[in-house]
Number of protein chains: 2
Amino acid sequence: MTNQDIKDASAELWQNSIPHISIDSVVFGFLNNQLNVLLLKIKEEENWILPGGYLQKNEGIDDAAKRILYERSGADKIFLNHFGVFGDLNRSEGYFKDYPDDLWHKQRFITIGYYALVDQTQVNPIPDHFTDCCEWKPVHPIPNMVMDHEIIIKKALSTLREHISHKPIGYNLLPEAFTLPELQGLYEAILGEKLNRGNFYRKMMRYDILIKLDEQRRGGAYKAPDLYKFDEDKYKKALGGLNW
Amino acid sequence: MTNQDIKDASAELWQNSIPHISIDSVVFGFLNNQLNVLLLKIKEEENWILPGGYLQKNEGIDDAAKRILYERSGADKIFLNHFGVFGDLNRSEGYFKDYPDDLWHKQRFITIGYYALVDQTQVNPIPDHFTDCCEWKPVHPIPNMVMDHEIIIKKALSTLREHISHKPIGYNLLPEAFTLPELQGLYEAILGEKLNRGNFYRKMMRYDILIKLDEQRRGGAYKAPDLYKFDEDKYKKALGGLNW
DNA sequence: ACAAAAGTGTTAGGATTACACCCATGT
DNA sequence: ACATGGGTGTAATCCTAACACTTTTGT
């Protein structure tokens with residue numbers, strides 16, 4: 001990334017985006033029984049940063065959040081929910097300090113936080129030419145983050161935990177077909193505690209949002225677990241007001 | 001409000017405030033066993049509007065919400081919580097359409113929603129020279145509102161209901177001293193349903209946040225009810241992460 | 001054979017709900 | 001006296017947690 005690159009980007013952003021507002025997403029994925037977050041690393045910067053972007057002049061904020069995530073991950077079937085706004089003074093100070101004052105990135109930003117749940121197996125992180133890398137990192141422990149991004153992740157996680165305890169979850173976080181032990185592992189990863197298998201089984205059955213498929217997951221050791229998918233209609237109904 | 005007035009205000013706002021961002025507050029008050037919202041009416045406009053304002057360049061968003069509310073109501077001991085962001089396109093279109101395009105108010109705004117709980121007996125609504133009147137209106141039914149302000153109120157109320165069901169409430173909404181039937185009336189007004197008196201009594205005692213005073217509320221018919229105040233420390237602890 | 005998966009039974013505890021009773025007390 | 005407020009008792013219900021037992025089934 002050259003000095004000129006960033007100045008070009010700045011000019012384009014002033015042209016098309018709404019100033020002072022940014023959108024940052026905490027994107028949760030789930031793989032190998034572990035809860036992960038999608039993080040970026042800016043070139044020449046040692047700390048991690050949340051994937052984010054700006055609101056275009058002709059765009060609603062939910063749409064912007066979706067677009068940004070799509071650009072970054074290729075995922076378009078996304079559960080996205082707003083969970084907070086972060087607008088303290090000086091939250092973005094210090095970065096770009098060597099650049100001219102009219103640089104887009106040097107503005108004061110109020111950032112709108114979304115958390116997203118995606119099927120990690122379907123997502124290919126896409127770095128752009130400002131970012132060194134774009135990676136799934138485990139949620140525990142949270143790596144060193146830029147600015148207030150660690151606080152943002154924590155708030156996102158606590159919001160997610162609240163949702164999970166009285167709404168179903170899993171759609172968009174799991175592949176189309178999944179097993180009950182996998183779903184339980186997801187709950188355990190989010191809540192950070194072991195759950196009782198029998199009780200979990202009954203809880204899911206009571207939700208009445210699962211459809212058992214005719215196949216099993218072959219190839220593992222021991223007994224092949226049954227595969228399920230979500231009943232979209234019932235799932236949506238159970239979700240109530242939340243987006244998805 | 002003359003044409004010149006609004007142009008002057010516009011110039012001053014461009015100078016001191018961050019563009020495109022507004023803050024709207026849904027201010028709940030409680031009086032005569034009824035839940036009310038503080039609403040404004042703009043001159044020459046027939047629908048009601050939420051009290052709101054703009055974020056100054058040197059100000060955090062929570063601070064701005066507090067300042068705006070203080071300017072409008074004189075209240076400074078306020079329970080304030082963020083509950084959402086409203087950033088659809090065209091949400092503020094149509095107003096000020098006869099004014100020049102560089103008018104502050106004609107921008108596209110993303111509004112940050114706060115809900116507030118105040119002691120209505122301590123608040124004197126303060127209209128400014130843009131507003132005809134500033135009044136407490138009952139929450140049911142919500143009067144005709146400008147733009148998406150009805151949606152904002154509904155979201156605020158549902159957030160408040162969620163909070164009330166697992167956090168204590170009442171401080172900032174009731175006078176310093178209050179009776180249990182008054183507190184119960186507040187809960188009933190927010191939740192929109194009658195509660196059982198005996199169970200409510202025990203629930204409050206279990207919270208362990210009330211201090212019984214030595215006086216009673218005199219002057220009513222029949223038996224004088226006991227007066228209570230909140231135990232600030234225990235109340236704060238029970239609130240957990242919420243502001244107040 | 002083994003270990004995981006599936007399905008079910010049971011029990012204890014906690015919280016909530018609904019009623020009901022008794023006493024106290026201003027007007 | 002009377003209607004409200006204060007305080008308590010209790011039974012029914014629901015949900016959750018904890019544990020245990022059985023059966024099924026790929027490797």
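Keep in mind that what you see is a predicted model, and the values were worked out from it rather than measured. The sequence lines fix the lettering, A, B, ..., with proteins before strands; numbering per chain opens at 1.
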Original post:
Any side-chain N or O of A:R206 less than 4.0 Å from the OP1 or OP2 oxygen of D:dC14?
Top reply: no

**OP:** Grab the CG-P distance between A:L195 and D:dA18 for me, whole Å please.
**Re:** 10 Å

Original post:
If each of A:G198 and A:P225 is mapped to the nucleotide of DNA chain C with the nearest heavy atom, which maps nearer the 5' terminus, i.e. the 5' end?
Top reply: A:P225

**OP:** Determine whether more than 12 heavy atoms belonging to other residues, nucleotides or ligands lie under 6.0 Å from atom NZ of B:K154.
**Re:** no

Original post:
Between C:dA18, C:dA5, D:dC19, which nucleotide has the shortest distance from any of its atoms to the side chain of B:N199?
Top reply: C:dA18

Original post:
For B:E182 and D:dT4, what is the distance between atoms CD and P respectively, to the nearest whole Å?
Top reply: 16 Å

**OP:** Find the distance B:E193:CD to C:dA18:P and express it as a whole number of Å.
**Re:** 9 Å

Subject >> Between C:dG7 (P) and A:N196 (CG): distance, integer Å >> reply: 16 Å

**OP:** Find the distance B:F200:CZ to D:dT8:C1' and express it as a whole number of Å.
**Re:** 17 Å

Original post:
What nucleotide, of D:dT24, D:dG6, D:dA18, holds the atom closest to the side chain of B:K212?
Top reply: D:dG6

Original post:
Any side-chain heavy atom of B:I142 sitting closer than 4.5 Å to one from B:L157?
Top reply: no

Subject >> Check: B:F178 main-chain N/O paired with B:R217 side-chain donor or acceptor under 3.5 Å >> reply: no

Subject >> N/O donor-acceptor pair, side chain A:R197 with base C:dA6, under 3.5 angstrom >> reply: yes

Original post:
Could you state the CG-C1' distance from B:L210 to D:dG6, rounded to the nearest angstrom?
Top reply: 14 Å

**OP:** Could you check how far CG of B:L227 sits from C1' of D:dG6, rounded to whole Å?
**Re:** 14 Å

Original post:
Is a donor-acceptor contact shorter than 3.5 angstrom present between the side chain of B:R217 and the base of D:dG5?
Top reply: no

Original post:
Does the D:dG7 base have a donor-acceptor partner in the side chain of B:R202 within less than 3.5 Å?
Top reply: no

**OP:** Would you kindly check whether a donor in the side chain of A:D226 faces an acceptor in the base of C:dA5, or vice versa, at under 3.5 angstrom?
**Re:** no

Subject >> Nucleotide C:dT27, atom P - distance to NZ of B:K223 in whole Å >> reply: 13 Å

Original post:
For B:I151, does the CD1 atom have more than 12 heavy-atom neighbours from other residues, nucleotides or ligands under 6.0 Å away?
Top reply: no

Subject >> Heavy atoms from other residues, nucleotides or ligands near CD of A:E176 exceed 12 (cutoff 6.0 Å) >> reply: no

Subject >> C:dA18 phosphate, OP1 or OP2, under 4.0 Å from B:K194 side-chain N/O >> reply: no

Original post:
B:Y222 has a side chain; which of C:dC21, C:dA3, C:dG26 sits nearest to it?
Top reply: C:dG26

